[in-house]
Amino acid sequence: MELFRYMEQYDYEQLVFCQDKESGLKAIIAIHDTTLGPALGGTRMWTYENEEAAIEDALRLARGMTYKNAAAGLNLGGGKTVIIGDPRKDKNEEMFRAFGRYIQGLNGRYITAEDVGTTVEDMDIIHDETDYVTGISPAFGSSGNPSPVTAYGVYKGMKAAAKEAFGTDSLEGKTIAVQGVGNVAYNLCRHLHEEGANLIVTDINKEAVERAVADFGARAVDPDDIYSQDCDIYAPCALGATINDDTIPQLKAKVIAGAANNQLKETRHGDQIHNMGIVYAPDYVINAGGVINVADELYGYNSERALKKVEGIYGNIERVLDISKRDGIPTYLAADRLAEERIERMRRSRSQFLQNGHHILSRR
């Protein structure tokens with residue numbers, strides 16, 4: 001990798017390599033942009049093929065967090081950490097304490113949280129060394145399990161997308177095909193059921209499917225059959241890349257709105273569903289409830305305040321749809337534009353402030 005060339009191309013600020021021989025820590029902290037505030041993004045622990053793959057993942061994820069946090073209206077930038085190692089056997093207390101000291105050394109430029117391969121318990125150990133960590137145990141005043149809050153945000157965003165497609169945000173009587181019934185999707189199904197929606201569900205976990213059928217009167221189908229269901233809304237809530245060449249021809253839904261990350265296999269698939277007239281709620285806008293929730297910990301966590309902010313996902317989806325219509329572009333591009341325009345406004349405002357300050361000083 002030509003690191004500086006790559007960082008310049010996508011305007012990254014900082015890349016930090018952290019190692020601790022005694023504990024085996026090998027971590028990479030990527031800070032993409034801090035225009036809106038300190039960079040917030042989780043710590044992922046994974047068995048990467050090589051160090052270059054780990055660096056690429058950290059950079060890619062950090063940039064994604066810049067867009068997610070900006071589109072969510074948070075006063076936070078984007079960052080991410082990857083720790084190279086097997087989360088099932090390589091973890092130890094010394095590793096996360098050493099990592100916590102590295103975070104502390106950044107003096108608030110980066111704030112971490114749990115992610116794939118890390119847990120609340122790991123964040124608690126990091127918290128022994130630094131306050132720049134979220135997603136810690138509720139005993140320390142944190143927000144706890146983010147799944148119900150993420151689901152609530154997806155529910156609100158789905159209603160905004162439904163209003164665009166059907167002229168009303170009511171989901172009563174709508175048929176919604178939910179792909180995956182994990183923690184987030186189960187809570188989403190609860191909201192949909194309470195509003196009177198008809199649910200079709202699938203999951204490779206049969207127990208999860210049976211629970212949704214029993215609790216919400218959902219109809220179960222095989223995983224491969226979920227895409228072709230006669231439904232109003234398709235909600236991808238498990239694997240990424242389920243909007244692809246194989247599934248798009250099967251879709252009958254007028255709306256795609258779900259909790260999964262990276263729903264489009266390729267950007268051209270976003271163009272394709274846009275041309276088909278399907279209303280797509282971009283994944284990182286609609287599933288931002290979790291990060292909005294943990295970000296509230298930075299102010300001293302208040303669940304009512306956090307949920308009020310999560311309700312704002314409805315308006316964020318509306319803004320994406322407005323930009324899509326304004327500029328004649330698919331919603332996945334409109335989401336990027338929403339984030340980029342907010343960051344650019346802040347840069348201009350900051351630049352103007354500095355210029356004004358310089359003029360005042362020069363006149364003295």
Name the one of L298, I103, L106 that satisfies side chain to side chain contact (heavy atoms under 4.5 Å, CB included) with I111?
-> L298

Is a side-chain donor or acceptor of H193 paired with a backbone partner of R190 at a separation under 3.5 angstrom?
-> no

Quick one: NE2 on H127 to CZ on F96, what's the gap to the nearest 0.5 Å?
-> 15.5 Å

Side-chain donor/acceptor of Q250 to backbone N/O of Y227, under 3.5 Å = no

Backbone N or O of V279 within a donor-acceptor pair of the K254 side chain at under 3.5 Å?
-> no

Do D57 and W46 come within less than 4.5 Å of each other through their side chains, counting heavy atoms only?
-> no

Roughly how far, to the nearest 0.5 Å, is the CD1 atom of I248 from the CE atom of M276?
-> 6.5 Å

Pairwise side-chain contact, I313 with V310, heavy-atom cut-off 4.5 Å (strictly under) = yes

Atom NZ of K308: over 12 foreign heavy atoms under 6.0 Å | no

Any side-chain heavy atom of L36 within less than 4.5 Å of one from L74?
-> no

Can you establish whether the number of heavy atoms outside I204 located under 6.0 Å from its atom CD1 is more than 12?
-> no

What pairs of residues pass the side chain to side chain donor-acceptor pair (under 3.5 Å) test when at least one of them lies in residues 13-28, not counting sequence neighbours?
-> E13-T34, E13-R109, Q14-R109, D20-S23

Would you check if M346 and R342 make a side-chain contact, meaning some heavy-atom pair closer than 4.5 Å?
-> no

Step through the shown structure and confirm whether more than 12 heavy atoms of other residues, nucleotides or ligands are within 6.0 Å of CZ on R88.
-> no

Is V184 close to C237 at the side-chain level, that is, under 4.5 Å between some pair of heavy atoms?
-> no

Do other residues, nucleotides or ligands put more than 12 heavy atoms under 6.0 Å from E2 CD?
-> no

Please test L192 against F216 for side-chain contact (heavy atoms from CB on, under 4.5 Å), starting from the C-alpha separation and ending with a verdict.
-> CA-CA 9 Å; L192 299 174; F216 310 126; over 6 Å; no

Output, in order, the C-alpha distance, side-chain angles, deciding distance and verdict of side-chain contact (heavy atoms from CB on, under 4.5 Å) for F166 and D232.
-> CA-CA 9 Å; F166 308 118; D232 300 295; 3.8 Å; yes

Are the aromatic rings of Y152 and H191 close, with centres under 6.0 Å apart?
-> yes

Between E93 and R97, is there a side-chain N and carboxylate O pair less than 4.0 Å apart?
-> yes

Partner of R337 under side chain to side chain contact (heavy atoms under 4.5 Å, CB included), chosen from V320, I329, T331 | I329

Does anything in residues 214-226 pair up under side chain to side chain donor-acceptor pair (under 3.5 Å), and if so which pairs, sequence neighbours excluded?
-> Y186-D215, R219-Q229

Any chance you could measure I243, atom CD1, to I273, atom CD1, to the nearest 0.5 Å?
-> 4.5 Å

Under 3.5 Å, is there a donor-acceptor pair between the side chain of E297 and the main chain of G135?
-> yes

Distance-only, no hydrogens or angles: does the D169 side chain make a donor-acceptor pair with backbone N or O of K159 under 3.5 Å?
-> no

Flag the pair D245 / Q272 as yes when at least one side-chain heavy-atom distance between them is below 4.5 Å, and no otherwise.
-> yes

Around atom CZ of R5, are there more than 12 heavy atoms of other residues, nucleotides or ligands at under 6.0 Å?
-> no

Sub-4.5 Å side-chain heavy-atom contact between I125 and F99 | no

Just by distance, do the side chain of T118 and the backbone of T43 share a donor-acceptor pair under 3.5 Å?
-> yes

Would you give the length of the straight line joining atom NZ of K68 to atom CG of L76, rounded to the nearest 0.5 angstrom?
-> 13.0 Å

Does atom CD of E51 have more than 12 heavy-atom neighbours, drawn from other residues, nucleotides or ligands, at distances under 6.0 Å?
-> no

Any ion pair linking E164 and K325 (charged N to carboxylate O, less than 4.0 Å)?
-> yes

Where D122 and G117 come nearest, the two heavy atoms and their spacing = OD2-O, 4.2 Å

Quick one: NZ on K156 to CG on N316, what's the gap to the nearest 0.5 Å?
-> 13.0 Å

Relative to the ring of Y12, is the ring of Y10 parallel (under 30°), tilted (30 to 60°) or perpendicular (over 60°)?
-> perpendicular

Are the side chains of M65 and K80 in touch, meaning some heavy atoms are under 4.5 Å apart?
-> yes

